[in-house]
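Report on the following structure.
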Amino acid sequence: MKNTKTSKAVNYSALTYLSIGLLAFIYVLARAFLVGITFDESYSIGVLVSKPFIDVLNYNFAAANNHLINSILIKLIYLSGFDTTFAIRLPNLLSMPVYLFFAYRICCNYFDKRLGLCLFLLLVSNPFVLDFFGLARGYGLALSCTMASLYYLLEFNKELKRKDSIKALILGSLAVLCNFAFLFFWLSLFVVIQGITFVKDKKIWLKVLQISLGIGATLGAIIYSPISKLRAAESLWYGGTQNSYSDTLNSLMNYSLAQATESATVTVVLNVFLLLLLALLALFFFTNFIKKTKLPLAPLIFITLFLGPLAINTFLHYTLDTKYLINRTAIFLLPISMLTIAFFVQYNCTRRAALFSRSMFYLLVFSSLVNFGRNANLQRTINWYYDAAVPEVLSYINERGKKEGKIFILDSTNLFSSSIQYYKWKKQYEHVVYIKDLTDNLDKSHADYFLFLTEPQDDIKYDPSLEESLRYPRVPVLSFEKEKTVLWSNLRSDNLTVGH
C-alpha cells in the first residue's frame with residue numbers, strides 16, 4: 001500500500017512537470033510558426049545559402065553570425081529541399097525537449113518536491129530564453145547542451161564518476177560549438193570539475209585533469225581557427241565596453257523583462273535580485289556555520305559558474321580587449337542564476353532562514369510568471385522586435401500596388417534591410433521593390449515609402465536622431481507602437497498637406 005502511494009506521487013509529479021514542459025513547448029512551437037524572420041536569421045541564411053559547405057566549416061567568410069553547429073544544420077536543411085522559415089528553426093525547436101528533460105531531472109533529483117517544481121517554472125518562464133528555442137540561431141541548441149552539461153556535473157559531484165565529468169565537458173564543448181560565447185561557461189565548468197575532484201578525492205584528480213585537458217585541447221583545436229579569423233576580420237565587435245554589471249547583468253535583466261521596462265526600473269529590479277542572491281549566500285554560510293555542518297558543494301559550484309564567466313570576461317577585456325558579454329551572448333547565465341538561488345534556498349539549515357529564503361524564492365517565481373504573462377506573444381522577438389512590422393508593411397504596399405497596377409519602391413532604416421531582402425528573395429510581395437542604396441534625403445529620393453525605426457539600439461550603436469531621413473517630414477501611413485516603427489509615404493498624393 002505504501003509503495004502504491006509513493007508510485008502515485010511520483011507519477012503525479014512527473015505528469016505536472018510534463019504538463020508545464022508541454023505548455024512551454026507548444027508556446028515556442030507556435031512562435032516558430034508565426035513569428036516572422038528576424039535580422040540575424042535572414043542575414044545568416046543569406047550568407048549560408050550562397051556559400052559552399054566547406055566555407056561554412058572553415059569560416060572562410062568571417063561572420064560572428066556563423067554559429068557552427070546551427071549553420072551546419074541549416075545548410076543541411078536547405079540542401080534537403082526544405083527552405084521555409086519554420087524548417088530552419090527546427091534544430092533549436094527540437095533541442096528544447098532536451099533542455100526540458102535535463103531541467104526536469106535536475107529539479108526532481110536535487111530538490112525537494114515543491115522547490116523543484118518552482119525551479120522548473122523559473123527555468124521555462126523567462127521570455128528571453130524561450131525566444132531562442134524558436135529561432136534559427138545557435139543559442140537554443142547551446143542552452144540545451146548547457147542544461148545537459150549541468151546535470152552531469154551534478155552527477156559527478158554526487159558520485160565522482162569520471163564518465164560524468166567527461167559527459168559534462170563534452171556537452172559543454174558542444175554548447176561552445178553552437179555558440180562561441182558559451183566558451184566562458186566551459187572555462188568555468190573546467191575549473192569547477194577540477195575543484196570538485198581536488199576537494200573530494202585527490203587520488204583521482206590528476207587523471208580527471210588529464211582527461212579534461214584532452215577535451216579542452218580538442219575543443220581548442222576546433223575553435224582556434226574560426227576565432228582567429230573572426231578577430232582578424234574584426235567581426236567580434238558585438239558587446240559592451242563598460243563592465244560586467246552595466247553591460248552583462250543589466251542587459252540580461254532588461255531583456256528578461258522584454259525591453260518593456262524603463263531603464264531606471266530595470267536597474268532597481270537588478271539590484272534587488274543581486275541583493276537577494278547576496279542575502280541567500282550569506283544565510284547559506286551563516287546557517288551552516290552555526291549548525292556546524294559540512295558545507296555542501298552544489299551551491300558553491302553554481303555560484304562559481306555564475307561569477308566565473310563574469311570574472312574571466314573581465315580579465316580578457318583588460319588583457320585582450322574582449323568585449324563584455326551582453327544580452328543574448330550572456331544568456332547561459334540566466335538558467336545558472338536560477339539554479340544558484342535554488343541551491344542556496346535548498347541548503348539553508350535553520351527554520352527561520354529556510355522560511356525567509358523560500359518565501360523570497362516563491363515571490364521570485366510569481367514575479368517571473370507575471371513577467372511572462374505580460375510579455376508572451378506570437379508576433380515579435382525581444383531582440384529584433386522591430387522586424388515584426390515588416391510583413392504587414394510589405395503587405396500594405398503590395399496591396400496598394402495591386403489596386404493601382406504599380407510597383408512601389410521601398411527604402412528603410414538599415415536594420416530592416418536583412419528581413420525585407422529575405423521576403424523578396426522568397427519571391428513574395430511582387431508589387432514591392434526594395435532598394436537600400438537610395439539617398440536618405442527624402443526630398444531627392446526615388447523611394448515611394450520609407451520604413452523607419454524610431455527607437456535607439458544601444459547594443460549596435462543605432463541612433464535614430466542621427467538618421468538623415470528624419471529631417472524630411474512625411475505622412476506616416478502605418479505606425480507600430482510596440483515595434484517602435486513607422487512607415488512614411490514619399491508619394492506626393494499622400495503628402496499634399498506637408499508641402500511635398
Side-chain angles (χ1 to χ4, degrees), residues 17 20-32 35 92-93 95-104 106-107 115-135 137-148 150 175 179 181-182 185 248-261 265-266 269-270 272-274 276-277 302 305-306 309 325-343 345 360-378 380-385:
Y17 278 102
I20 294 169
L22 188 59
L23 285 173
F25 181 77
I26 291 171
Y27 169 71
V28 175
L29 173 65
R31 286 177 56 79
V35 173
N92 282 271
L93 179 65
S95 77
M96 189 179 177
V98 177
Y99 176 88
L100 294 171
F101 174 72
F102 283 103
Y104 159 72
I106 291 173
C107 293
L115 190 59
L117 190 58
C118 286
L119 172 59
F120 190 74
L121 285 169
L122 274 179
L123 293 172
V124 301
S125 61
N126 188 304
F128 187 49
V129 170
L130 294 181
D131 261 11
F132 285 98
F133 287 111
L135 295 175
R137 312 297 297 124
Y139 299 99
L141 290 161
L143 283 168
S144 297
C145 292
T146 299
M147 190 59 71
L150 293 173
N179 188 280
F182 282 66
F185 162 72
T248 308
L249 298 179
N250 195 274
S251 68
L252 277 178
M253 183 59 73
N254 183 31
Y255 280 67
S256 292
L257 296 173
Q259 296 200 81
T261 308
T265 305
V266 171
V269 175
L270 172 62
V272 169
F273 177 82
L274 293 176
L276 174 61
L277 182 59
F302 277 87
L305 289 174
F306 179 67
L325 298 170
I326 56 174
N327 50 69
R328 60 186 180 271
T329 60
I331 198 169
F332 58 87
L333 289 175
L334 291 174
I336 288 173
S337 65
M338 296 302 105
L339 284 158
T340 303
I341 285 180
F343 272 114
V345 173
M360 292 298 100
F361 190 73
Y362 297 147
L363 181 60
L364 178 63
V365 175
F366 176 75
S367 301
S368 182
L369 292 174
V370 170
N371 179 59
F372 174 75
R374 287 182 58 194
N375 296 299
N377 71 87
L378 301 177
R380 72 191 68 83
T381 64
I382 295 170
N383 251 113
W384 305 277
Y385 57 89

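What you see is a predicted model, and the numbers here were worked out from it, not measured in a lab.
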Is the backbone N or O of [Y] less than 3.5 Å from a side-chain atom of [X], with the two atoms forming a donor-acceptor pair by type?
| X | Y | result |
| --- | --- | --- |
| Tyr139 | Thr329 | no |
| Ser367 | Leu363 | yes |
| Thr340 | Phe302 | yes |
| Ser337 | Leu333 | yes |
| Asn92 | Leu141 | yes |
| Asp131 | Ile382 | yes |

Exercise for review: Could you check Asn371 against Asn375 for side-chain hydrogen bond (donor to acceptor under 3.5 Å, both in side chains), going step by step and ending with a plain yes or no?
Suggested key: CA-CA 6 Å; Asn371 179 59; Asn375 296 299; 2.9 Å; yes
Where do [X] and [Y] come nearest, in terms of heavy atoms and distance?
| X | Y | value |
| --- | --- | --- |
| Asn126 | Ser256 | ND2-OG, 3.1 Å |
| Ser368 | Ser125 | OG-OG, 2.6 Å |
| Gly134 | Val28 | N-CG1, 3.6 Å |
| Ala342 | Leu115 | O-CD2, 3.9 Å |
| Arg31 | Thr381 | NH2-CA, 3.7 Å |

Validation row: [X], [Y] side chains within 4.5 angstrom (heavy atoms):
| X | Y | result |
| --- | --- | --- |
| Phe185 | Ile336 | yes |
| Met338 | Leu119 | yes |
| Phe133 | Phe25 | no |
| Tyr385 | Asn377 | no |
| Leu257 | Arg374 | no |
| Phe101 | Met147 | no |
| Tyr104 | Leu100 | no |
| Tyr99 | Thr146 | no |

[X] [atom1] to [Y] [atom2] distance, which is reported to the nearest 0.5 Å:
| X | Y | atom1 | atom2 | result |
| --- | --- | --- | --- | --- |
| Phe128 | Ile331 | CZ | CD1 | 4.5 Å |
| Phe366 | Leu122 | CZ | CG | 13.0 Å |
| Leu121 | Ile20 | CG | CD1 | 4.5 Å |
| Ile106 | Leu123 | CD1 | CG | 7.5 Å |
| Phe102 | Leu143 | CZ | CG | 14.5 Å |
| Thr248 | Asn327 | OG1 | CG | 9.5 Å |

Point to revise | side-chain contact (heavy atoms from CB on, under 4.5 Å) assessment of Val365 paired with Phe361 | key: CA-CA 6 Å; Val365 175; Phe361 190 73; 4.1 Å; yes
Check your understanding: Can you name the residues that form a ring-ring contact (aromatic ring centres under 6.0 Å, His included) with Phe306, not counting sequence neighbours?
Key ->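 Testing Phe306 for ring-ring contact (aromatic ring centres under 6.0 Å, His included), a comparison that skips the adjacent residues, returns none.
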Practice item. Check ring-ring contact (aromatic ring centres under 6.0 Å, His included) between Tyr27 and all other residues, then give those that pass, not counting sequence neighbours. Key: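 Expected list: Phe372.
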Exercise for review: Go through the steps for Leu135 and Trp384 under the test side-chain contact (heavy atoms from CB on, under 4.5 Å), then give the verdict.
Suggested key: CA-CA 11 Å; Leu135 295 175; Trp384 305 277; 3.7 Å; yes
Point to revise | Set of side chain to side chain donor-acceptor pair (under 3.5 Å) partners for Ser95, sequence neighbours left out | key: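 For Ser95, the residues satisfying side chain to side chain donor-acceptor pair (under 3.5 Å) (neighbours in sequence not counted) are Ser144.
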